[in-house]
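The next block holds one structure in the form of structure tokens; read it before the comments.
Residue numbers begin at 1 in each chain, while the letters A, B, ... track the order of the sequences. Note that the structure is predicted; figures quoted are calculated from it, not measured.
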Amino acid sequence: MNFQAELRRKLRATLEGLVPDPEPFAAMLRPAQDPRFGDFQINCAMPLAAQMGRPARDVAQQLVDSLDLDDLCDAPEIAGPGFINLRLRDDLIAAETRKLLSDERLGVPVVPSSKVVVIDYSGPNVAKPMHVGHLRSTVLGRSLELVMRHLGHQVITDNHLGDWGTQFGMILYGYKNFRDDAAYQSAPVQELARLYRLVNQLCDYHDLRAELPKLRDSLAEQQQQVASDESAAAAQPKNKDLAKVVKKSREVLDERAAAIASAEKKIAAVDSDAQLAALAAAHPRISELARLETAKLHAGDEENVRLWNEFLPACLDALNAMYRRLGISFDLTLGESFYNPMLAEVVRELQDHKIAVESDGAVCVFIEGNAAPFIVRKADGAFSYATSDIATIKYRVETLHADVILYVVDARQSEHFELLFATAAKLGYGGIDCRHIKFGTILGNDRRPYKTRSGDTVGLESLLNEGIERARAIVDENDNSKPTPELSEEQRARIAEIVGLGGIFYADLKHNRESDYVFSWDKMLAKTGDTATYIQYAYARVMGILRKGDYAADDVRKLSGPIHLATPTERRLALQLNRFATALDDVVAEYRPNLLTQYLFETANIFAAFFDECPVLKEADASLKESRLRLCLGTADILRTGLRLLGIQVAEQM
RNA sequence: GCGCCCGUAGCUCAGCUGGAUAGAGCAACGGAUUUCUAAUCCGUCGGUCGGGGGUUCGAAUCCCUCCGGGCGUACCA
């Protein structure tokens, strides 16, 4: 039973007569902070008392008197300023655990009113290999998908591919000018990616060269600015505002110097490479021409459309290979290109309703309180991702009938989504629950975005490979250190895959999604601590007990005797199993899978203590032995299910 | 300039719709092993929750301010 939900329900009913809106007060029933306070605590007596102008302990007493929790709890206790401490009855925990253990859903009810939830996640660019930057969206989105499905929502996942943007113009330009036919024949995606990088580099080269004089001027200007600010500050050494101005001014100077250094570095990279330099010299207008290729594609140019259609299948194959590896499949893969035919209409509609206006040649929506406009048509007539994102909302609402749309996208795009949602609301989609499920950046040890040692972005493929390799080394070391190694080559490979991928996913999911976090192989694959491995190991230990005792899991699930809470640890474990449903509710409430990782880690932790203290196979009392066996399997079922909802697998033996 | 986010133990991070002595993992230190797999368990050490003010019976959490850092900021997505 979801004890917390049940207790809150009762509290809410009691509060109904007392306050107009009981919900926030009912929410103040929480798990106890300290085991000495029991299992749950009610914290709402104090604020209620303040509101009613009565002593808090009196209010607490009144709540206790009218609550009637006898069927759930021992006598409630009022403590401190007015906390109400609740301890669940042991017989109730035992009885409810017994039910849970024979329940296929492990005590997790299906939501009473299911919603249509579109989850937009992963969203790679098709012509570029996926890299570490795609990890969080993919892993978080996948987990949210699985949890919401498990709770009974009608989830539609949609991979909103970047298959139509500026980068395609670069690829088209690259293909027409620089392609290596043999390479394209044997590995088209790799060749397209190379062409993209090449064109991108050459575009940068020319753009930066053109910009450099301006940058240098502005640097010189800033140097003078700093000098004058400094002398002003020197004249009034006690003036804090002037000191601040100097500081700011120097920061700007540093920024500009850094921008120039970075530009010079990129330019030098081309200049110092004879081949690149020759290409750059031969293609001085590459940026402009690449943009033109994009524009031609969007306008329906026959050759570009033909090439686009030729490139796409290979790109999709490559992506799908990656998703297969990650165990992911999408319900829909509607890239930006899908919305192309709708864009002109979107802009017209916005203009007709006077939502968008022309400004500096571009068609923009101005949202009150935001300085930046939402540009739905650029001055050159091209549409932007703002336009296609609006078209996407229209499609998801009108065709998919979405109630909720989740965008699992980097936090740096917050502003875009604020403008997007505000614009959508003006168009009449205010009733749809559109949410930016934002997440932070993965950092390296230097606290800069995670890169390889040489400064390149880390490819997702090689990241996964490295994780599995490192896991393999651990598997080997562990098994080889046993008196007689137990695992076959196939088993080791499979375990390495499960542990390696699980470690990467788990490390990502366990952090609060809005935080940046520092990527660390050692931490994510540590044999001990808050890792996937630790939880997977707990699962494998249960399976070890069953194997050793020669029990089939299905037979154990059919057992129906009483559950004994013979020790405090058994009680803790049983109660924890009943919290699974609460944990999943918590995940969905704020779209935070870290609440599930936390729950699973705690569960594995309690199980480890149980494993230490409570013998199963050696237990002489048959009824107690059966009870423990079932607690073990129930734990395993919950760990396996919980990990599965994070996109992580388990092994029977490791 | 404007906007958003962050600053919690040596390190990495939870906690942030205000609630009881601020938590975890790692690291350090000390214990437990004829193992239902020690990829484990138990214990110890460790914090002016960036500083200052305010609101409150009560603040890591809310408000103001200062300091430090990150990100975004009109035609890339």
Check every strand shown and say whether A:Ala79 touches a base, only sugar-phosphate, or nothing at a heavy-atom separation below 4.0 Å. base
Please work out if A:Pro24 contacts a base, only the sugar-phosphate, or nothing of the nucleic acid, heavy-atom cut-off 4.0 Å. nothing
Would you give a per-nucleotide map of nucleotides 1-16 of chain B, 5' to 3', where B means the base has a protein non-hydrogen atom under 4.0 Å away, S means only the sugar-phosphate does, and - means neither? S----------SSSS-
In terms of heavy-atom contacts, does CZ of A:Arg592 have more than 12 from other residues, nucleotides or ligands at under 6.0 Å? yes
A:Leu573 has an atom CG; how far is it from atom C1' of B:rC41, in whole Å? 15 Å
So, for A:Tyr534 and A:Phe601, is the gap between ring centers shorter than 6.0 Å? yes
Between A:Met654 and A:Lys618, who's closer to the 5' end of RNA chain B by nearest nucleotide? A:Lys618
Would A:Tyr534 count as stacking on B:rA39 if stacking means ring centres less than 5.5 angstrom apart and planes tilted under 30 degrees? no
Taking the minimum atom-to-atom distance to the side chain of A:Lys527, which one of B:rG19, B:rA39, B:rC41 wins? B:rA39
Roughly how far apart, to the nearest Å, are B:rU8 and B:rC62 at atom P? 16 Å
Between A:Lys438 and A:Glu514, does at least one N-O distance fall below 4.0 Å, as a salt bridge requires? no
State whether A:Arg448 places a side-chain N or O below 4.0 Å from either non-bridging phosphate oxygen (OP1 or OP2) of B:rC71. yes
Roughly how far apart, to the nearest Å, are B:rA9 and B:rC71 at atom C1'? 27 Å
Taking the same atom, P, in B:rG72 and in B:rG50, what whole-Å distance lies between them? 25 Å
Are the side chains of A:Ser122 and A:His160 in touch, meaning some heavy atoms are under 4.5 Å apart? no
Could you work out which one of B:rC71, B:rG68, B:rA39 sits closest to the side chain of A:Lys247? B:rG68
Rounding to the closest angstrom, what is the interatomic distance between B:rU12 and B:rA27 at atom C1'? 11 Å
A:Phe601, nearest nucleotide to its side chain (from B:rG69, B:rG19, B:rA24): B:rA24
Mind checking who B:rU56 pairs with, Watson-Crick or G-U wobble, both distances under 3.5 Å? none
Is the ring centre of A:Tyr407 less than 6.0 Å from the ring centre of A:Phe421? yes
Are A:Leu289 and A:Glu293 close enough, and set up right, to give a side chain to side chain contact (heavy atoms under 4.5 Å, CB included), and what steps lead you there? CA-CA 6 Å; A:Leu289 294 173; A:Glu293 296 292 353; 5.7 Å; no
Could you check whether the side chain of A:Asp34 and the base of B:rA22 have a donor-acceptor pair of N or O atoms closer than 3.5 Å, going by distance alone? no
Mind checking A:Glu477 for me? I need base, sugar-phosphate or nothing, with any heavy atom below 4.0 Å counting as a touch. nothing
Going by atom types alone, do A:Gln4 and A:Thr582 pair a side-chain donor with an acceptor below 3.5 Å? no
In whole angstrom, give the distance that lies between atom CE of A:Met28 and atom P of B:rA20. 13 Å
Which whole-number value in Å describes the distance from A:Asp586 CG to B:rU17 C1'? 13 Å
May I ask you to evaluate whether A:Arg30 reaches the phosphate of B:rG19, defined as a side-chain N or O under 4.0 Å from OP1 or OP2? yes
Modelled atom types, side-chain donor and acceptor of A:Glu221 and A:Ser218, under 3.5 Å: no
Any strand counts, and the cut-off is 3.5 Å on both contacts for Watson-Crick or G-U wobble. Which nucleotide pairs with B:rC13? B:rG23
Could you tell me whether A:Arg448 and A:Asp446 have a side-chain N and a carboxylate O separated by less than 4.0 Å? no
What integer number of Å spans the P atoms of B:rA60 and B:rC16? 14 Å
Rounding to an integer number of Å, can you tell me how far A:Asn605 CG sits from B:rG43 P? 11 Å
Would you indicate what A:Cys632 reaches in the nucleic acid, counting non-hydrogen atoms under 4.0 angstrom: base, sugar-phosphate, or nothing? nothing
Side chains of A:Asp530 and A:Tyr506 only: does a donor on one sit below 3.5 Å from an acceptor on the other? yes
Nearest-Å distance for atom pair NE2/P, residues A:His416 and B:rA74: 15 Å
Could you tell me the Watson-Crick or G-U partner of B:rG7, where both distances fall under 3.5 Å? Say none if there is no partner. B:rC67
What is the distance, to the nearest angstrom, from the CZ atom on A:Phe607 to the P atom on B:rC42? 13 Å
Distance to the ring centre below 6.0 angstrom and angle to the axis at most 45 degrees; does that hold for A:Arg579 and A:Phe40? yes
Touch check for A:Phe366, heavy atoms < 4.0 angstrom, all strands: base, sugar-phosphate only, or nothing? base
B:rG30 to B:rA14 separation - P atoms, rounded to the nearest Å: 31 Å
Would you say the base of B:rC36 stacks on A:Phe611 (centre-to-centre below 5.5 Å, plane angle below 30°)? yes
Whom does B:rC29 pair with, Watson-Crick or G-U wobble, provided both distances fall under 3.5 Å? B:rG43
Of all the choices, B:rA74, B:rA39, B:rC36, which nucleotide is nearest to the side chain of A:Asn478 once you look at every atom? B:rA39
Using a heavy-atom cut-off of 4.0 Å across all strands, would you classify A:Lys625 as base, sugar-phosphate, or nothing? nothing
Measure from the side-chain heavy atoms of A:Val616 and tell me the nearest of B:rA74, B:rU40, B:rC36. B:rC36
Find which nucleotide of RNA chain B each of A:Ala362 and A:Arg412 is nearest to by heavy atoms, and output the residue with the more 5' nucleotide. A:Arg412
When the C1' atoms of B:rG54 and B:rG18 are considered, how many whole Å apart are they? 15 Å
Do A:Asp389 and A:Tyr339 have side-chain N/O donor and acceptor atoms under 3.5 Å apart? no
With a non-hydrogen cut-off below 4.0 angstrom, is A:Ala27 in contact with a base, only sugar-phosphate, or nothing? nothing
Looking at every strand, decide which applies to A:Asp530 at a 4.0 Å heavy-atom threshold: base, sugar-phosphate, or nothing. sugar-phosphate
Taking only the side-chain heavy atoms of A:Ala608 (C-beta and beyond), determine which of B:rC36, B:rC71, B:rC41 contains the nearest atom. B:rC41
Output the rounded distance in Å from CZ (A:Phe610) to P (B:rC41). 15 Å
Scan A:Asp612 against the nucleic acid and name what it touches under 4.0 Å (heavy atoms): base, sugar-phosphate only, or nothing. sugar-phosphate
Reckon A:Gln413 touches a base, only the sugar-phosphate, or nothing at all at heavy-atom distances under 4.0 Å? base
Distance check: side-chain N/O of A:Thr528 vs OP1/OP2 of B:rC26, anything under 4.0 Å? yes
My understanding is that a pair needs two contacts under 3.5 Å, Watson-Crick or G-U wobble. By that rule, which nucleotide pairs with B:rC2? B:rG72
Answer with base, sugar-phosphate or nothing: what part of the nucleic acid does A:Cys44 contact at a heavy-atom distance below 4.0 Å? nothing
Nearest whole Å is fine: how far is B:rG58 C1' from A:Leu48 CG? 16 Å
Expressed in whole Å, how much space separates the C1' atoms belonging to B:rU17 and B:rU73? 30 Å
